[in-house]
Amino acid sequence: MKIIKKMDIVIIVFLIVLSFVPNIIFAKSSIFANYDSTYVSITLDGKNYDNIPLSSFKGKKVIEIEDKEHKGYKNKILIKNNTVKMIEANCSDKVCIRQGSISKVGQNIACLPHKLIIEIKGEEKDSSDDLILSH
């Protein structure tokens with residue numbers, strides 16, 4: 001039976017700390033990303049179903065999606081106050097409804113039985129416009 005040495009513990013702790021570095025880097029880059037506009041991308045069975053502007057959206061909208069190829073697949077999406085959530089689905093597990101509201105770029109709601117994905121995407125500001133080139 002081997003005994004764990006002090007150097008083994010140091011290496012294990014170092015590797016654990018090192019494993020969090022990508023999370024920290026990607027979290028900071030998404031927090032400080034400067035989006036010109038955001039929109040809701042709805043994909044059904046791998047095909048773009050609709051894109052709805054979110055950053056300029058005012059009011060409340062309910063979108064009903066019914067898959068014609070797989071009769072009986074129905075979902076209702078609510079867009080309100082720059083948030084999106086699934087309010088109704090006739091799938092068996094209802095995971096998509098329990099996911100709640102999403103409002104930030106990169107968040108998504110998936111109804112896997114219906115092959116429906118709702119994702120918030122953003123268009124970043126073009127920083128090249130801010131540069132002044134001198135000759």
Atom pair [atom1]/[atom2] of [X] and [Y] - distance to nearest 0.5 Å:
X    : Y    : atom1 : atom2 : answer
Y73  : I65  : OH    : CD1   : 14.0 Å
I79  : S101 : CD1   : OG    : 11.5 Å
Q99  : K94  : CD    : NZ    : 13.5 Å
F20  : L15  : CZ    : CG    : 12.0 Å
I120 : I102 : CD1   : CD1   : 4.0 Å
I97  : I87  : CD1   : CD1   : 9.0 Å

Would one find more than 12 heavy atoms of other residues, nucleotides or ligands at under 6.0 Å from atom NZ of K74? no

State yes or no: do I109 and Y49 share one hydrophobic cluster built from I, L, V, M, F, W and Y residues joined by side-chain heavy-atom distances below 4.5 Å, directly or via other members?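 Same cluster: I109 reaches Y49 through Ile, Leu, Val, Met, Phe, Trp or Tyr contacts under 4.5 Å.
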
Could you see if I52 belongs to whatever hydrophobic cluster contains I117? Use Ile, Leu, Val, Met, Phe, Trp, Tyr and a side-chain cutoff under 4.5 Å.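 No, no single cluster joins them.
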
Please find the pair of heavy atoms, one from [X] and one from [Y], that lie closest to each other, and give the distance.
X   : Y   : answer
M86 : C96 : CB-O, 3.7 Å
L78 : K60 : CD1-CG, 3.6 Å
F57 : K61 : CZ-CB, 3.4 Å
P53 : S56 : CB-OG, 3.6 Å

Using the rule side-chain contact (heavy atoms from CB on, under 4.5 Å), only one of N51, V84, I63 pairs with I42; which is it? I63

Side chain to side chain, [X] and [Y], heavy atoms closer than 4.5 Å:
X    : Y    : result
E64  : N75  : no
P113 : C111 : yes
R98  : V95  : yes

Step-by-step side chain to side chain contact (heavy atoms under 4.5 Å, CB included) determination, S41 to N48: CA-CA 7 Å; S41 172; N48 186 27; 4.3 Å; yes

Expected output: side-chain T83 to main-chain K80 donor-acceptor under 3.5 Å: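 Yes, the answer is positive, given that a donor and an acceptor are paired below the 3.5 Å cut-off.
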
Might you work through the side chain to side chain contact (heavy atoms under 4.5 Å, CB included) test for I118 and I77, ending with a clear yes or no? CA-CA 9 Å; I118 303 159; I77 303 165; 3.3 Å; yes

